[in-house]
Each structure stands twice: as C-alpha cells, then as structure tokens.
**Q** 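First the structure, then my questions, so here it is.
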Protein chains: 2
Amino acid sequence: MKSKDELKEGIIIRATLQLIFREGLAGLKMSDIAKQASIAVGTLYIYFKNKEDLLNHLFLHFKRESMTQLAQKIDFSLPFKVNFKQLWFNYLTYAIDNPEQATLLEQLHCSPYLRPEVIEETDKLLQPIREMLNEGKRQMLIKNIDNELILAFLSGSINLIARRFSENDRKLSPEQREQTFEMTWDAVRA
Amino acid sequence: MKSKDELKEGIIIRATLQLIFREGLAGLKMSDIAKQASIAVGTLYIYFKNKEDLLNHLFLHFKRESMTQLAQKIDFSLPFKVNFKQLWFNYLTYAIDNPEQATLLEQLHCSPYLRPEVIEETDKLLQPIREMLNEGKRQMLIKNIDNELILAFLSGSINLIARRFSENDRKLSPEQREQTFEMTWDAVRA
DNA sequence: AAGTTAAGTGAATAAATATTCATTTCCAAA
DNA sequence: TTTGGAAATGAATATTTATTCACTTAACTT
C-alpha cells in the first residue's frame, strides 16, 4: 500500500503560513492552500480533519518552533546579561527570518478558529523566561517591573520591528540589531 | 421624506470594530455587524457599498481618530522631552482605552479587503512625528537611530502592552504607566 | 504479477455568507 | 392630513468557499 508522505504535513503547514502572511487569515481559502502546496484540495483532508484543525496545528507548530529557537545557546551558568542578550537576539533573528510567524500568531490569536486550550498551552512555554526575569530582578540588574509588562514590551517591539524590516532589501544590518538591543537593554536595566 | 440618520454610520463602524476585536477579521460576518448595530442587514448597504467598502472606511476612520488623539496638547514651543512624553502618553492612553483599534489595524493591514492607496495615505499621517524625532536627534537628546526603527519600537511595545492590559481588571495603574514610560525613555534617550 | 490497501485527485455538493429587492415604515413638505 | 420619497427591513437569492466522495494511482505483500 501507499504510505503517507511524512513531509507533506510540513509542506501544507508552510504553504498555509505563507498565505496568511501575504493575504491574511481573512482571505485564507482551502483551495488556495492546496494550490500553494501543489496538491489537490481533497488531500488536505487526509492530513487534517478540517480547516479549524489545520489552523490549530499550525499555531501550535510555530509556537513550539519559535520556543525551540529561543532557547538556543542559553546557559544558566553564564551571567544574566549574556543570557538576556542571547535570548533577545534569538527572538529577533527568528522573528526577522520568519516574519510570517508573528503575523500568524497575531491573526490567529483572536479568530473563531483557535481553541482556547491551545492558547493556554502555548502560554506555559514562556515560564522559563519569566523565571529568568525574576533572576535578573534578584540580582538588581533589571527594573522591578511586572513580568507581563516587560514581556509585552519586549515581544511587542521585536515583533513589529521584524515585520517592518523583514523584506530582503530592508533587513536590519548587524549594526542596527546592536542599536536595537541597546535600546532594549537601556529600557529594562535597573 | 425620511432623512438619513447621521449617527448610524458611526454606529455601524463601532459595531464592526468591536466584532473584529472579539472575533477577528476572519470571523466577521455582515449579519453579525447588523445584529451588533441593531439594524437590518440591508441597512448596511445603504451606508456602505459593500463589505470591502465598509472595512476601508473603518480603517481610515480609526487611523484618523488615533492621529487626532496623538496630537493632543502637543506644543512645539515646549522642550522636546515634554512633547515626547505627552505624545507617548497620548498613544498609550488611546491604545489602552481603545484596544480594539490596534487589533483592527493589525488584522486589516494584511487582508484582501484593504486597498493599497488607503494604506499609503495613512502612512503620511506619521510625518509630523518623524520630524519631531529628527528634532530630538538634532538636540542630541535621543539616540541616532533610524526613524522607522524607533517608530516600530515605540508602537510595537505600546500596542502589545495595550492589548494585554486593556481588560478593566488588568488596566495599567498610573504607576505602571510611569514605569513603562521610564523604560521607553531610557530606550530612546542618548 | 496479481491483489490489497491507503494516498491522491478534483468535480460535485453542502454550507456559509454576501448582497439584493419587494415591501413596509417613517418623516417632512404641501 | 395627505402624500412623495428616502430609509429600513429581512426573506430570498447569488456567490463564495469548505467538505465530500467516487474514482484513480502508487507502493507494498504474497
């Protein structure tokens, strides 16, 4: 018998991601996804129960992917600022190289498709970062401000910068990335 | 003869705004808008040619409204930092009190509905702010960083904070607003 | 190499949603 | 107080888009 192509699920997810980035969730059609993925519409329903199911998988997939990227090269034996900077650069780099992802999460977050439990699950992934911020406060290195406020400040600024500077001819230079980190560090440091 | 209710256009726009905030653009139905505005579906088509037309008006309406808010109490004879702070607080306050607006612009910005010329037109509205930033740089008060980068940093952070802290029981306290401004000022100041 | 089973297809169908329009309601001028 | 005309209505219709399914194709088994 013919075996399920393991790659295909990924192809579908990536095709969907690109379409949402370009056209927004509101314009997303199953037939367009199929075309973008170079498969038949019916095939979509072999890999996903329906559109809602596909979008929930999509959301979880990229949340996990971004969190994996985020944790790269973090080593808690190193000084706080080193880790903070690494974390921030990981996020920025991921966001710039994958600008679709931020748009996606944005658009899905308030949509009739996303199931609430999926949102909750993804929020838990941030826990280690919250603990890192606590550590920074304990060492009096960063301002004593509510974690959620700091997180919103950090991710809000990075996300928008990444969106605005993700096209190839506008991508941030290494200098600009350093400048932006300087702004961020000045913002949070005690 | 019966005269057109001038208020109704505003009611429709506000109803639409709320629905997009709650359910996202993807879930937006003309019938829901009608219900939310307590009018019949047909009436929508008296005030707007069709859904696309309605959404373009919506976008322009709130862009202009937010810009008007932004310019409140700005007085170029006052010192740069005073104006900067005023501007920032205007934006934050507007964003917190009208969290729907940010979601709306976000969702519409990449959607098949919005016409490109409408996007362009709204970008022009930012021109005075860019000039203000230039003035700050001339006076060596803020870092010499690309305006678009600073703007993205500022609006990204404010937008996300406003979204996260817009529910009544989580709204930012005056202290938290000051703290957040402190972060912002530390970020941009030279 | 014939048989078996699941993947893949896309036209056909179902479901959701935008838009129209025949009718009714309301206002203002005559 | 009548009446002309625009506003308002919402069931009916048109359109768009998700989903199904009868059929074809491909890979594995005996």
Side-chain angles (χ1 to χ4, degrees), chain A residues 1-59 61 104 107-108 110-115 118, chain B residues 1-59 61 104 107-108 110-115 118:
Chain A
M1 70 152 189
K2 195 171 177 180
S3 67
K4 216 159 164 175
D5 184 347
E6 276 315 313
L7 292 180
K8 199 150 288 178
E9 191 169 314
I11 291 173
I12 293 171
I13 282 192
R14 203 145 280 282
T16 310
L17 176 71
Q18 282 166 12
L19 286 176
I20 293 180
F21 180 63
R22 282 216 304 275
E23 301 283 332
L25 185 60
L28 187 70
K29 286 168 239 162
M30 294 300 267
S31 56
D32 288 347
I33 297 175
K35 201 182 297 170
Q36 176 82 16
S38 308
I39 57 175
V41 216
T43 310
L44 291 174
Y45 290 86
I46 294 169
Y47 291 87
F48 301 96
K49 194 147 57 66
N50 52 33
K51 190 175 176 181
E52 192 225 69
D53 185 47
L54 165 53
L55 291 172
N56 278 280
H57 273 270
L58 185 71
F59 186 80
H61 177 91
L104 175 94
Q107 299 251 336
L108 272 174
C110 59
S111 83
Y113 298 113
L114 211 60
R115 292 191 295 269
V118 173
Chain B
M1 72 153 186
K2 194 169 178 180
S3 66
K4 213 159 163 177
D5 184 347
E6 275 315 313
L7 293 179
K8 199 150 287 174
E9 190 170 314
I11 292 173
I12 293 172
I13 283 193
R14 203 146 280 285
T16 310
L17 176 71
Q18 281 167 13
L19 286 175
I20 293 179
F21 179 63
R22 284 216 303 275
E23 302 284 333
L25 185 61
L28 187 70
K29 286 168 238 164
M30 294 301 265
S31 56
D32 288 347
I33 296 175
K35 203 183 294 169
Q36 176 82 15
S38 309
I39 58 174
V41 215
T43 309
L44 292 174
Y45 290 85
I46 293 169
Y47 290 87
F48 300 96
K49 196 148 56 68
N50 53 33
K51 189 175 178 181
E52 192 225 70
D53 185 47
L54 166 52
L55 291 172
N56 278 281
H57 272 270
L58 186 70
F59 185 80
H61 176 92
L104 174 93
Q107 300 250 335
L108 272 175
C110 60
S111 81
Y113 298 112
L114 210 58
R115 294 190 295 268
V118 173

**Q** Rounded to whole Å, how long is the line connecting atom NZ of K51(A) with atom P of dT19(D)?
**A**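 These atoms are roughly 8 Å apart.
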**Q** How long is the gap from CG on L19(B) to CG on L104(B), to the nearest 0.5 Å?
**A**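 One finds 11.5 Å between CG of L19(B) and CG of L104(B).
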**Q** Evaluate the criterion side chain to side chain contact (heavy atoms under 4.5 Å, CB included) for residue pair I13(B) and F48(B); output intermediate values, then yes/no.
**A** CA-CA 10 Å; I13(B) 283 193; F48(B) 300 96; 4.0 Å; yes
**Q** Could you tell me how far apart L44(B) (CG) and dT9(D) (P) are, to the nearest whole angstrom?
**A**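 Going from CG in L44(B) over to P in dT9(D) covers 10 Å.
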**Q** Just jot down the salt bridge (Lys or Arg N to Asp or Glu O under 4.0 Å) partners of K35(B), sequence neighbours excluded, or say none.
**A**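 Not a single residue meets the salt bridge (Lys or Arg N to Asp or Glu O under 4.0 Å) criterion with K35(B).
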**Q** Enter the distance from L114(B):CG to L58(B):CG here, rounded to the nearest 0.5 Å.
**A**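 Taking CG in L114(B) and CG in L58(B), the distance rounds to 9.5 Å.
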**Q** In whole angstroms, how far is the C1' atom of dA8(D) from the CD atom of E9(B)?
**A**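 The answer, rounded to whole Å, is 16 Å.
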**Q** Name the pairs: protein N/O against N/O of nucleotides 21-24 of chain D, kept only if under 3.5 Å.
**A**
none

**Q** Distance from I20(A) atom CD1 to I33(A) atom CD1, nearest 0.5 Å?
**A**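 The CD1 atom of I20(A) sits 7.0 Å away from the CD1 atom of I33(A).
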**Q** For the backbone of L28(A) and the side chain of K51(A), can you confirm whether one donor and one acceptor N or O come within less than 3.5 Å of each other?
**A**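 Indeed, once roles are kept as given, a pair shorter than 3.5 Å links the two residues.
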**Q** Could you grab the distance from atom CG of L54(A) to atom CD of E9(A), nearest 0.5 Å is fine?
**A**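 Answer for the CG-CD pair, L54(A) versus E9(A), is 9.5 Å.
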**Q** Can you pull out the residues from residues 27-39 of chain A that lie within a 4.0 Å heavy-atom distance of DNA chain C?
**A**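 Within residues 27-39 of chain A, the residues near DNA chain C are I39(A).
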**Q** Test side chain to side chain contact (heavy atoms under 4.5 Å, CB included) on Y113(B) and V118(B) and set out the steps.
**A** CA-CA 11 Å; Y113(B) 298 112; V118(B) 173; over 6 Å; no
**Q** How long is the line joining CG of N50(B) and P of dA14(D), in whole Å?
**A**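 Going from N50(B) (CG) to dA14(D) (P), I get 18 Å.
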**Q** Report each atom pair, protein N/O against N/O of nucleotides 4-7 of chain D, whose distance is under 3.5 angstrom.
**A**
from: dG4(D); atom 1: N2; to: M1(B); atom 2: N; distance (Å): 2.6
from: dG5(D); atom 1: N2; to: K2(B); atom 2: N; distance (Å): 3.1

**Q** Quick one: do L25(B) and L25(A) satisfy side chain to side chain contact (heavy atoms under 4.5 Å, CB included)? Show the steps, please.
**A** CA-CA 8 Å; L25(B) 185 61; L25(A) 185 60; over 6 Å; no
**Q** Whole Å only: how far is the CG atom of D53(B) from the P atom of dA18(C)?
**A**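 Result: 15 Å.
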**Q** Working to the nearest 0.5 angstrom, can you tell me the gap between Q107(B) CD and F21(B) CZ?
**A**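 Between Q107(B) CD and F21(B) CZ, I get 10.5 Å after rounding to 0.5 Å.
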**Q** Return the residues of residues 12-22 of chain A meeting this criterion: a heavy atom under 4.0 Å from some atom of DNA chain D. Order them by number, or give none.
**A**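 Heavy-atom contacts with DNA chain D come from no residue of residues 12-22 of chain A; none.
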**Q** Evaluate the side chain to side chain contact (heavy atoms under 4.5 Å, CB included) criterion for residues L55(B) and E52(B): first the C-alpha distance (whole Å), next the side-chain angles of each, then the deciding distance (0.1 Å), finally the verdict.
**A** CA-CA 5 Å; L55(B) 291 172; E52(B) 192 225 70; 6.0 Å; no
**Q** Could you give the CG-to-P distance, from L55(B) to dA18(C), as a whole number of Å?
**A**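 To the nearest whole Å, that distance equals 10 Å.
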**Q** Evaluate the side-chain proximity of L17(A) to H61(A): yes if any heavy-atom separation is below 4.5 Å, no if none is.
**A**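 A side-chain contact under 4.5 Å is absent here.
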**Q** Quick one: list whatever passes salt bridge (Lys or Arg N to Asp or Glu O under 4.0 Å) with R22(B), sequence neighbours left out.
**A**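 Per chain and number, R22(B) pairs via salt bridge (Lys or Arg N to Asp or Glu O under 4.0 Å) with no residue.
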**Q** To the nearest angstrom, how far is K49(B) atom NZ from dT19(C) atom P?
**A**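 So the two atoms are 10 Å apart, to the nearest Å.
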